[in-house]
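Below, each value reflects all heavy atoms present in this structure, side chains not excepted, and no hydrogens, waters or symmetry copies. Owing to the predicted nature of the structure, the values given are computational and were not obtained by experimental measurement.
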There are 2 protein chains.
Amino acid sequence: MLPAEKSEILKNSLIFSSLNEDELSGLAGLAIERSFQADEFIFWEGDEPDYFYVIAEGRIKVVKHSSSGKEFIIAFFESGEMFGEVAVFEGKPYPASAQAISATNVLGIRRRHFLDFLATHPQMAMRIINILGGRLRDAQGRLKDLAGERAQQRLARILLMLASRMGHTIPFTRQELADMAGMTTETTIRLTSQLKERGIISSVRGQLIIVDEAKLRALAEGPPTV
Amino acid sequence: MLPAEKSEILKNSLIFSSLNEDELSGLAGLAIERSFQADEFIFWEGDEPDYFYVIAEGRIKVVKHSSSGKEFIIAFFESGEMFGEVAVFEGKPYPASAQAISATNVLGIRRRHFLDFLATHPQMAMRIINILGGRLRDAQGRLKDLAGERAQQRLARILLMLASRMGHTIPFTRQELADMAGMTTETTIRLTSQLKERGIISSVRGQLIIVDEAKLRALAEGPPTV
DNA sequence: CGCCTATTTGAAAACCGTCAAAGTATGTGG
DNA sequence: CCACATACTTTGACGGTTTTCAAATAGGCG
């Protein structure tokens with residue numbers, strides 16, 4: 001891949017879009033390209049955090065496994081987004097694994113290089129703070145949901161969150177939705193079947209379409225007002 | 001309160017400890033002091049994020065309420081720690097409420113002042129990034145626990161987390177532990193009773209003492225090896 | 001067409017929540 | 001110093017939501 005292409009990818013990313021050409025090509029010179037097929041792992045929980053990544057193309061999910069082996073999807077990311085950054089900042093092993101959902105190309109930047117870059121680009125640090133803040137807010141909202149809401153509401157909220165990022169067509173299987181909402185595939189199927197009967201969603205194999213967002217939003221808010 | 005006292009408090013905080021005297025007194029000049037009694041709220045979820053806070057003395061908890069009114073403790077903080085920062089960085093309403101656990105004094109710094117300060121102190125920004133990264137890692141671990149682990153293991157992990165921060169004597173009621181672990185008070189009591197029978201903890205009203213940390217750690221890892 | 005994966009359905013059971021009641025520290029006021 | 005109020009802890013029974021296990025159906029790709 002040409003350096004100019006790497007620059008272009010970085011320019012299109014959420015974090016680096018504000019950099020000028022010189023800064024971009026400086027970073028691009030440090031970046032390495034890696035490609036993954038669907039289901040391949042970019043890194044595993046516990047690995048040393050040598051790289052932080054920006055997605056050039058494709059989608060990845062960040063997962064953790066419970067002691068019984070059940071998978072939980074902490075987050076998923078698309079092109080332009082970064083991942084693996086928390087471990088890089090702290091210098092501790094990755095707290096979760098990253099796995100490609102579809103064929104994916106990423107740019108990786110070495111921990112050391114990235115930290116040096118950050119130290120010399122204060123506005124970049126502020127941007128990172130904002131992104132981390134947003135992710136923290138998000139995680140805390142999900143914590144509350146998992147602790148206190150019923151499966152029906154958790155699923156509705158996951159669907160709304162996905163819709164706000166990707167539009168009304170949601171390209172995930174029931175199993176993936178289940179792993180995001182912290183429930184079993186069977187439960188997700190039973191709940192989505194209900195939603196289909198009520199005309200709130202429609203679905204085809206491997207994806208789900210939100211038909212009536214207003215009703216879904218009402219469901220997410222609380223139990224059907226008695 | 002004298003400016004010098006405010007400086008002293010900031011100097012003892014986790015985030016500002018690396019600042020020099022001039023920087024400290026500059027910040028101290030911007031800080032206001034506020035006091036709260038146990039159970040008073042410092043701010044409510046949804047409030048405008050005018051201030052970010054550093055604890056001078058006391059303990060606070062950050063809570064969210066589920067749609068059914070159940071309380072969930074997202075985090076708690078002691079002297080020297082900061083809270084309310086996520087909202088301040090993003091300029092969006094506080095995502096959770098903050099409530100004093102005991103009599104508490106805090107220093108508040110206005111959003112605008114703090115952002116200005118950050119922009120001119122890059123090493124401070126890096127520190128914030130580290131703290132946010134740590135909190136994010138923590139939140140993600142808890143997400144996985146809530147989604148995939150049994151009540152027994154969740155409780156054990158909460159106790160271990162508290163022990164690592166406060167020592168083996170844990171000054172929380174069963175109800176507070178329940179609100180941290182995402183379960184009911186009754187379930188917490190039943191589980192702690194089992195732990196007491198097995199000699200892993202002892203307890204008096206309002207606090208709990210870890211007697212056998214090794215066994216607790218084994219429990220936290222997974223179901224008792226059959 | 002056949003295989004693999006995704007979706008669906010059913011029945012039984014487990015875990016934990018809910019509700020109710022009672023016991024036990026702690027502190028306060030008389 | 002005792003009595004009472006309050007909050008924390010404990011216990012039991014029951015029920016509901018969700019998981020678990022099992023089996024069948026259906027869609028897409030080579």
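Residues meeting the side chain to side chain donor-acceptor pair (under 3.5 Å) test with B:Arg59, sequence neighbours left out: none. Applying the salt bridge (charged side-chain N to carboxylate O under 4.0 Å, His left out) criterion to A:Lys70, with sequence neighbours excluded, gives no partner residue.
Residues B:Phe76 and B:Phe172 bring their aromatic ring centres within 6.0 Å.
Between the side chain of A:Arg205 and the base of C:dT5 there is at least one donor-acceptor pair of N/O atoms closer than 3.5 Å. In the interface, the side chain of B:Arg190 is not paired with the base of C:dG17 through any donor and acceptor atom under 3.5 Å apart. Put simply, the side chain of B:Gln152 and the base of C:dC15 share no donor and acceptor less than 3.5 Å apart. With hydrogens and angles ignored, a donor-acceptor pair closer than 3.5 Å exists between the side chain of B:Glu186 and the base of C:dC19.
Rounded to whole Å, atom P of C:dT7 lies 17 Å from atom CD of A:Gln194. Distance, B:Leu146 CG to C:dC15 P: 18 Å, rounded to whole Å. At whole-Å resolution of the value, CG in A:Leu208 and C1' in C:dT7 are 12 Å apart. For B:Ile189 and D:dT11, the CD1 to P distance is 9 Å, given to the nearest whole Å. Summarising the geometry, the separation between CD on A:Gln207 and C1' on C:dA6 is reported as 13 Å, rounded to the nearest angstrom. Atom P of nucleotide D:dT19 and atom CZ of A:Arg174 are separated by 16 Å, given to the nearest angstrom.
Using a 4.0 Å heavy-atom cutoff across all strands shown, A:Arg150 reaches sugar-phosphate atoms only and no base atom.
An OP1 or OP2 oxygen of C:dC16 is reached within less than 4.0 angstrom by no side-chain nitrogen or oxygen of B:Thr187. At C:dC16, none of the side-chain N or O atoms of B:Thr184 fall inside 4.0 Å of OP1 or OP2 (strictly under the cut-off). For C:dT8, the OP1/OP2 oxygens have a side-chain nitrogen or oxygen of A:Lys196 closer than 4.0 Å.
B:Phe83 and B:Tyr53 have parallel rings, their planes meeting at less than 30° on a 0 to 90° scale where 60° marks the start of perpendicular.
Of the two residues near DNA chain D, A:Val204 and B:Ala147, the one whose nearest nucleotide lies more 5' is B:Ala147.
The shortest distance between side-chain heavy atoms of B:Ser67 and A:Glu149 falls below 4.5 Å.
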